[in-house]
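Notes follow the structure.
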Amino acid sequence: MAEEKQTHFGYEQVKVEEKAGRVAGVFHSVAAKYDLMNDLMSGGIHRLWKRFTIEASAVRPGHSVLDIAGGTGDLTAKFSRLVGENGNVVLADINDSMLKVGRDKLLDHGIAGNVQYSLADAQHLPFADNSFDIVTIAFGLRNVTDKDLALRSMLRVLKPGGRLLILEFSKPETAALEKIYDQYSFKLLPFMGKLVTNDADSYRYLAESIRMHPDQQTLKGMMEEAGFENCSFHNMTGGIVALHKGFKA
Ligand SMILES: C[S@@+](CC[C@H](N)C(=O)[O-])C[C@H]1O[C@@H](n2cnc3c(N)ncnc32)[C@H](O)[C@@H]1O
């Protein structure tokens, strides 16, 4: 009998073809309260991580930007203002609940015109080769089943000379910080999730998926393996989060 391919969903082993559905369940459940929880969980610091990402993107008026797993659109909103009327931003996400919350929020903020919305899987991006100056994925790659496939797809849609930015939870730089962070993630996070969204499990998945995600050096190696050049990373908040950068030749 052929062996079933397995992958992880947090700490749980699941069939490869089951993972996307399980991830979808998490984001359908949290979509409405996603922004509130982000502010609560990070004490607002996620805004600084995102601002740093925008600065590292070297975005200019007229650029084409793809914000993969863009969810409720924080990066897209900032890019939209910076690329101006001659540029464009695509907010892409696999989850229609997250995409809807993002689209409504951006419209409420008067952001339209240069933003398009796309229900898209990072592993099979539905865009032509060499389409974008900048591709970003913030707190999304962790949830993708085949990260190598997704990285190759991102490389394909980037223009030559374009850059990929991956903002993601990563490995704390010291054992002391890791210990405090573990306490926070496995005790406080699910408790807050239960209180605010009545969903402790999704926030337990968040903590577990962070631990299962490749560390800084491993992810850099995966980017190089996918074909990105001049890859580097920058740790923030003691390595709790890292921004990886790579270029298409
Ligand atoms: C933690 S949220 C991040 C949202 C936003 N980028 C931010 O930083 O606030 C993760 C997002 O990844 C999306 N996602 C998960 N798997 C995906 C995939 N295979 N392709 C595209 N998006 C995916 C989820 O639907 C969710 O909106």
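First listed ligand is number 1; within each ligand, the first listed atom is number 1.
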Exercise for review: With side-chain contact (heavy atoms from CB on, under 4.5 Å) as the test, would you mind laying out the steps for Val157 and Asp129 before giving the verdict?
Suggested key: CA-CA 4 Å; Val157 301; Asp129 298 0; 5.9 Å; no
Review point. Is Met222 reachable from Ile68 through a run of I, L, V, M, F, W or Y residues, each pair having side-chain heavy atoms under 4.5 Å apart?
Key: yes
**Study point:** Donor + acceptor pair across side chains of Tyr34, Asn38 (<3.5 Å)
**Key:** yes
Review point. Atom 12 (O) of ligand 1: which protein heavy atom is closest, and how many Å away?
Key: Ala69 CB, 3.2 Å
Point to revise | Asp93, Asn95, Val23: member with heavy atom nearest to atom 26 (C) of ligand 1 | key: Asp93
Check your understanding: Going by an N to O cut-off under 4.0 Å, is there a salt bridge joining Glu224 and Lys220?
Key -> yes
Practice item. Kindly write out the residues that satisfy side-chain hydrogen bond (donor to acceptor under 3.5 Å, both in side chains) with Asp35, not counting sequence neighbours, or none if the list is empty. Key: Thr72, Lys105
Check your understanding: Which atom pair, heavy atoms only, marks the closest approach of Val196 to Lys33?
Key -> O-NZ, 3.2 Å
Check your understanding: Quick one: which ligand 1 atoms are inside 4.0 Å of a heavy atom on Gly70?
Key -> 5 (C), 6 (N)
Check your understanding: What are the atoms of ligand 1, with element, lying closer than 4.0 Å to any heavy atom of Asn143?
Key -> 10 (C), 15 (C), 16 (N)
Exercise for review: For Tyr205 and Asp199, test the side chains for any donor-to-acceptor distance below 3.5 angstrom and give the result as yes or no.
Suggested key: no
Review point. Is the shortest N/O to N/O distance between Ile68 and ligand 1 below 3.5 Å?
Key: no
Exercise for review: List the closest protein heavy-atom neighbour of atom 16 (N) of ligand 1: residue, atom name, distance to the nearest 0.1 Å.
Suggested key: Ile94 CG2, 3.8 Å
Review point. Is it true that Lys5 and Glu17 make a salt bridge, defined as a side-chain N closer than 4.0 Å to a carboxylate O?
Key: no
Check your understanding: What do we get for Asn38 next to ligand 1 when only non-hydrogen atoms under 4.0 Å count, side chain, backbone, both or neither?
Key -> side chain
Point to revise | Within-cut-off N or O pair, Asp121 and ligand 1, under 3.5 Å | key: yes
Check your understanding: What residue and atom, counting heavy atoms only, is the protein's closest point to atom 3 (C) of ligand 1, and at what distance?
Key -> Tyr34 OH, 3.1 Å
**Study point:** ligand 1 to Met98 polar contact by distance, N or O atoms, under 3.5 Å
**Key:** no
**Study point:** Phe139 N/O to ligand 1 N/O under 3.5 Å
**Key:** no
Practice item. Could you say whether the N/O atoms of Lys50 and ligand 1 ever approach to under 3.5 Å? Key: yes
Check your understanding: Counting only heavy atoms, which portion of Ala120 has something under 4.0 Å from ligand 1: side chain, backbone, both, or neither?
Key -> backbone
Review point. Is the distance between the ring centroids of His46 and Phe139 under 6.0 Å?
Key: no
Revision key, fill the gap. Ligand 1 to Ala122, heavy atom cutoff 4.0 Å, flagged ligand atoms 18 (C), 19 (N), 20 (N), 21 (C)
Practice item. Would you mind checking if Asp201 and Arg204 are paired as a salt bridge, meaning a charged N to carboxylate O distance below 4.0 Å? Key: yes
Review point. Quick check: does Gln123 get an N/O under 3.5 Å from an N/O on ligand 1?
Key: no
